[in-house]
S.K.: 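The structure under discussion is supplied below as structure tokens; questions concerning it will follow.
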Amino acid sequence: MERLFDTYVQKLKYKVLKEVASLEFDGTLEENIVNIPKTIMPGPKPSLRCCIYKERAIIGERVRLAMGGDKSNPNVVEILDIACDECPVDGIQVTPSCRGCIAHRCVDVCPRGAISIVNHRSHIDQSKCIECGRCIEACPYNAITKSVRPCMNACKVNAISMDEDKKAVIDNEKCISCGACVYKCPFGAIADKSSILEVIRTIKASENNEKYKVYAVVAPSIVSQFVYAKVEQVVEGLKCLGFHSVVEAALGADMVAYKEASELYEKGFLTSSCCPAFVSYIHKFFPTMVKHISHNLSPMAQIASYLKRIEPDCKVVFVGPCIAKKAEIKLDTVKPYVDYVLTFEELQALFDAKNIEISSLEGECLDNASYFGRVFARSGGLAVAVEQALKEQGLFDLDFKYKPISCNGITECRTALLKASKNVLQENFIEGMACENGCIGGAACLTHGPKNKLEVDNYGKLALEKTMQSAISVLDFT
């Protein structure tokens, strides 16, 4: 069945992941690695680039990333240099709309004298231009525009720049691994490293979960993905892949919200710890605010720590829409609990590599979290859950005023953190989500179109457990 993706870049990425996974499942990857580029790009004529040889070279780089990428680079996001060569690099340019007017406002406002009149038209000397944008505002014909590379425009922390060869470069000291650049690059020149091989090998080595059990922890945002099948069918599909059990990360969200509510009540001000890109953003750009980050683990790590406690030898694989989770599991506080991270894109490739048509499966129930844990998937869901936790613990009273702010995307997070750092923020709890719309807008979603938060809320309403306390009461998560 033809899969739906937003762009051909995603489809190409999927094809590589599927091919690598198929060969690994068959045990023939090693001898067939060199054939993958030709299998995906048979030629002889190119379909995307200048020549078939460049297309295959790029596929070869994608295969490398599918197999784990550059081990010497700690970042989970990498630049494919050979694929990064088609974007315009001159920032501010004069377009053909220039009428050669005699007012010359653009010339007058330029602080560096970078604009002159050549053959009755404005001309910008790029060696002098500082891209201040004053000429853009001054032009009455909107004939001057600023071209910003999609990756740079997507990166809200200014971690991407151009090197002397006009190739994109990521500053690891600034990068928060949100993955926005991965999805926005129209040439697929930026991609995330994959652990798909390690996951397959871990499942195989478990010997049908006899040597150790392999758990899949799925993010609640799964409800907005795999639209051609039901969540229950995805659950059965995961078991067909070889996972012993499928657990909701939303149960971890119930645990986290319960703890964060208590911590907020005790401290009076708190920022959430659920989004790893948001937490990384605070560490790198607002170090004075680090002390206010909740000391609780993320929902993924919280439920994984529980699984490791009851099954010390088990393996835990998180499945979700988040590239930053791949960076989170490298942290010393998380490393002992989560072994690997799979994105929804990678999960789709695994299903198809093993010829599992999930839409034809009967399905297995996934119901071990409350409504409040499940709505973590969308912006504002965490704030709602913390309020509920305060009420359930009897902390929501006249002595404590709960005033949350839900930040939808890094730009809103920055505004709230700036205010908080200057002690002018009116709210006392910052819910930070690096991706717009929350996890349902994650960089590694299968599709990135508008997601109605009601879809997530309706999924939450299907939960049998109506309170967080009832969902977590059978667990000892202290």
S.K.: Between Tyr265 and Gln393, is any side-chain donor less than 3.5 angstrom from a side-chain acceptor?
M.R.: no
S.K.: Main chain of Leu361, side chain of Gln233: is a donor-acceptor contact present, judged purely on distance under 3.5 Å?
M.R.: yes
S.K.: Mark yes when over 12 heavy atoms from residues, nucleotides or ligands other than Lys230 sit less than 6.0 Å from its NZ; otherwise mark no.
M.R.: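 No, not enclosed.
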S.K.: Is there a side-chain contact (heavy atoms from CB on, under 4.5 Å) between Lys325 and Ser298? Walk through the geometry before answering.
M.R.: CA-CA 10 Å; Lys325 287 294 183 186; Ser298 68; 3.5 Å; yes
S.K.: Can Asp339 and Lys308 be counted as an ion pair, charged N to O under 4.0 angstrom?
M.R.: yes
S.K.: Measuring from Cys181:SG to Ile190:CD1, what's the distance to the nearest 0.5 Å?
M.R.: 4.0 Å
S.K.: Should Tyr306 and Val316 count as side-chain neighbours, where that means a heavy-atom distance under 4.5 Å?
M.R.: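 The answer is no, as the side chains (C-beta and beyond) never meet within the 4.5 Å cut-off.
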S.K.: Checking side-chain contact (heavy atoms from CB on, under 4.5 Å) for the pair Val218/Val247: CA distance, chi angles, key distance, verdict?
M.R.: CA-CA 6 Å; Val218 296; Val247 182; over 6 Å; no
S.K.: Could you tell me whether Glu263 and Lys259 make a salt bridge, using a distance below 4.0 angstrom between a side-chain N and a carboxylate O?
M.R.: no
S.K.: Any heavy-atom pair between the side chains of Ile293 and Met289 that's under 4.5 Å?
M.R.: no
S.K.: Check this for me, if you would: do Arg201 and Glu198 make a salt bridge, where the nitrogen-to-carboxylate-oxygen distance has to be below 4.0 angstrom?
M.R.: no
S.K.: Considering all heavy atoms of both residues, which atom of Ile196 and which atom of Leu342 are nearest to each other, and what is their separation?
M.R.: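 Taking every non-hydrogen atom into account, CA-CD2, 4.2 Å.
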S.K.: Are any non-hydrogen side-chain atoms of Ile170 and Val77 less than 4.5 angstrom apart?
M.R.: yes
S.K.: Kindly indicate whether a cation-pi arrangement holds for Lys403 with Phe429, taking the cut-offs as under 6.0 Å to the six-membered ring centre and within 45° of the axis.
M.R.: no
S.K.: Does a salt bridge link Lys13 with Asp192, judged by any charged N lying under 4.0 Å from a carboxylate O?
M.R.: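 Counted as a salt bridge, because a side-chain N and a carboxylate O are separated by less than 4.0 Å.
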S.K.: Keeping Asn408 on the side-chain end and Asn437 on the backbone end, is there a donor-acceptor pair under 3.5 Å?
M.R.: yes
S.K.: Please report the interatomic distance CZ(Phe226) to OG1(Thr447), rounded to the nearest 0.5 Å.
M.R.: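 Answer for the CZ-OG1 pair, Phe226 versus Thr447, is 10.0 Å.
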S.K.: Can you find a heavy atom in the side chain of Phe187 that is under 4.5 Å from one in the side chain of Leu80?
M.R.: no
S.K.: Between Arg374 and Glu248, does at least one N-O distance fall below 4.0 Å, as a salt bridge requires?
M.R.: yes
S.K.: Please say whether more than 12 non-hydrogen atoms of neighbouring residues, nucleotides or ligands are located less than 6.0 Å from NZ in Lys419.
M.R.: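 At most 12 heavy atoms, drawn from other residues, nucleotides or ligands, come within 6.0 Å of this atom.
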S.K.: Any chance you could lay out the salt bridge (charged side-chain N to carboxylate O under 4.0 Å, His left out) test for Lys326 and Glu346, step after step, and finish with the verdict?
M.R.: CA-CA 13 Å; Lys326 295 183 178 185; Glu346 291 164 338; 2.8 Å; yes
S.K.: Would you say the side-chain atoms of Arg378 pair up with the backbone N or O of Ser221, donor to acceptor, closer than 3.5 Å?
M.R.: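 Side chain of Arg378 to backbone of Ser221, a donor-acceptor pair under 3.5 Å: no, none is there.
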S.K.: For Asp26, is the CG atom crowded, meaning more than 12 foreign heavy atoms sit under 6.0 Å from it?
M.R.: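 Yes, CG of Asp26 has more than 12 neighbouring heavy atoms, counting only those of other groups under 6.0 Å.
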S.K.: With a 6.0 Å cut-off on the ring centroids, do Phe318 and Tyr340 count as close?
M.R.: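 For Phe318 and Tyr340, the ring centres are not under 6.0 Å apart.
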S.K.: Quick one: OG on Ser406 to CD on Glu427, what's the gap to the nearest 0.5 Å?
M.R.: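 Going from OG on Ser406 over to CD on Glu427, the span is 9.5 Å.
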S.K.: Give a yes or no on whether the backbone of Phe25 and the side-chain of Lys204 come within a donor-acceptor separation of less than 3.5 Å.
M.R.: yes
S.K.: Is there a donor-acceptor pair closer than 3.5 Å between any side-chain N or O of Lys156 and the backbone N or O of Ile410?
M.R.: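 Not a single qualifying donor-acceptor pair exists.
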S.K.: Identify the heavy atoms of Glu431 and Gly380 that sit nearest to each other, and give their distance.
M.R.: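 Looking at all heavy atoms of both residues, the shortest contact is OE2-N, 2.8 Å.
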S.K.: When you look at Leu23 and Ile36, which way does the side-chain contact (heavy atoms from CB on, under 4.5 Å) test go after all the steps?
M.R.: CA-CA 10 Å; Leu23 293 172; Ile36 295 176; 3.8 Å; yes
S.K.: Step through the shown structure and confirm whether more than 12 heavy atoms of other residues, nucleotides or ligands are within 6.0 Å of CZ on Arg414.
M.R.: no
S.K.: List the atom of Ala353, the atom of Lys18, and the distance in Å for their closest heavy-atom pair.
M.R.: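 Between these two residues, the closest heavy atoms are CB-O, 3.7 Å.
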S.K.: Under the criterion side-chain hydrogen bond (donor to acceptor under 3.5 Å, both in side chains), I'd like the reasoning laid out for Ser359 against Glu357: C-alpha separation, chi angles, the key distance, then a yes or no.
M.R.: CA-CA 6 Å; Ser359 61; Glu357 185 51 71; 2.9 Å; yes
S.K.: Hey, is NZ on Lys461 packed in by over 12 heavy atoms from elsewhere, all under 6.0 Å?
M.R.: no
S.K.: Quick check for you: to the nearest 0.5 Å, what is the distance between Lys211 atom NZ and Thr202 atom OG1?
M.R.: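 Those atoms lie 11.0 Å apart.
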S.K.: Taking side chain as C-beta onward, heavy atoms only, is Thr467 less than 4.5 Å from Ser470?
M.R.: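 Yes; the side chains approach each other to less than 4.5 Å.
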S.K.: Judged by atom type as modelled, is there a donor-acceptor pair below 3.5 Å linking the side chain of Gln10 to the main-chain atoms of Asp6?
M.R.: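 Side chain of Gln10 to backbone of Asp6, a donor-acceptor pair under 3.5 Å: yes, one is there.
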S.K.: Is the side chain of Gln225 donor-acceptor paired with the backbone N or O of Leu446 at a distance under 3.5 Å, no angle test?
M.R.: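 Side chain of Gln225 to backbone of Leu446: a pair is present.
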S.K.: Going by an N to O cut-off under 4.0 Å, is there a salt bridge joining Glu236 and Lys239?
M.R.: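 No.
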S.K.: Does atom NE2 of His295 have more than 12 heavy-atom neighbours, drawn from other residues, nucleotides or ligands, at distances under 6.0 Å?
M.R.: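 Counting neighbours around NE2 of His295, 12 or fewer heavy atoms of other residues, nucleotides or ligands fall under 6.0 Å, so no.
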S.K.: Determine the minimum heavy-atom distance between Val20 and Ala66, stating which atoms define it.
M.R.: CG2-CB, 4.1 Å
S.K.: Using a 4.5 Å cut-off on heavy atoms from C-beta on, say whether the side chain of Leu238 contacts that of Leu347.
M.R.: yes
S.K.: How close do Phe344 and Cys445 get, counting heavy atoms only, and between which atoms?
M.R.: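 Taking Phe344 first and Cys445 second, the nearest heavy atoms are CD1-CA, 4.5 Å.
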S.K.: Do Arg149 and Cys185 touch side chain to side chain, with heavy atoms closer than 4.5 Å?
M.R.: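 A side-chain contact is absent here, since even the closest heavy-atom pair is not under 4.5 Å.
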S.K.: Heavy-atom count around Lys193 NZ within 6.0 Å, excluding the residue itself: above 12?
M.R.: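 Yes, the 6.0 Å shell around NZ holds more than 12 heavy atoms from other groups.
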S.K.: Mind listing the closest non-hydrogen atom pair of Thr288 and His292 along with its distance?
M.R.: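 It is O-CD2, 4.4 Å.
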S.K.: Got a donor-acceptor contact below 3.5 angstrom from the Lys330 side chain to the Pro74 backbone?
M.R.: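 Yes; at least one donor-acceptor contact below 3.5 Å.
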S.K.: Out of curiosity, Phe372 CZ to Asp254 CG, how far, rounded to the nearest 0.5 Å?
M.R.: 9.0 Å
S.K.: Does any N or O in the side chain of Tyr215 come within less than 3.5 Å of the main-chain N or O of Ala304, such that one atom is a donor and the other an acceptor?
M.R.: no
S.K.: Any side-chain heavy-atom pair from Ser273 and Glu260 closer than 4.5 angstrom?
M.R.: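 Side-chain contact under 4.5 Å: yes.
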S.K.: Is there a donor-acceptor contact under 3.5 Å from the side chain of Lys466 to the main chain of Ala463?
M.R.: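 Here the side-chain-to-backbone pair exists.
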S.K.: Residues in side chain to side chain donor-acceptor pair (under 3.5 Å) with Asn75, at least two apart?
M.R.: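 Side chain to side chain donor-acceptor pair (under 3.5 Å) list for Asn75, sorted by chain: Asn172.
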S.K.: Working to the nearest 0.5 Å, report the span between CD of Gln302 and CG of Leu307.
M.R.: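 It is 10.5 Å, given to the nearest 0.5 Å.
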S.K.: Would you say CD of Glu31 has more than 12 non-hydrogen atoms from neighbouring residues, nucleotides or ligands within 6.0 angstrom?
M.R.: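 Counting neighbours around CD of Glu31, more than 12 heavy atoms of other residues, nucleotides or ligands fall under 6.0 Å, so yes.
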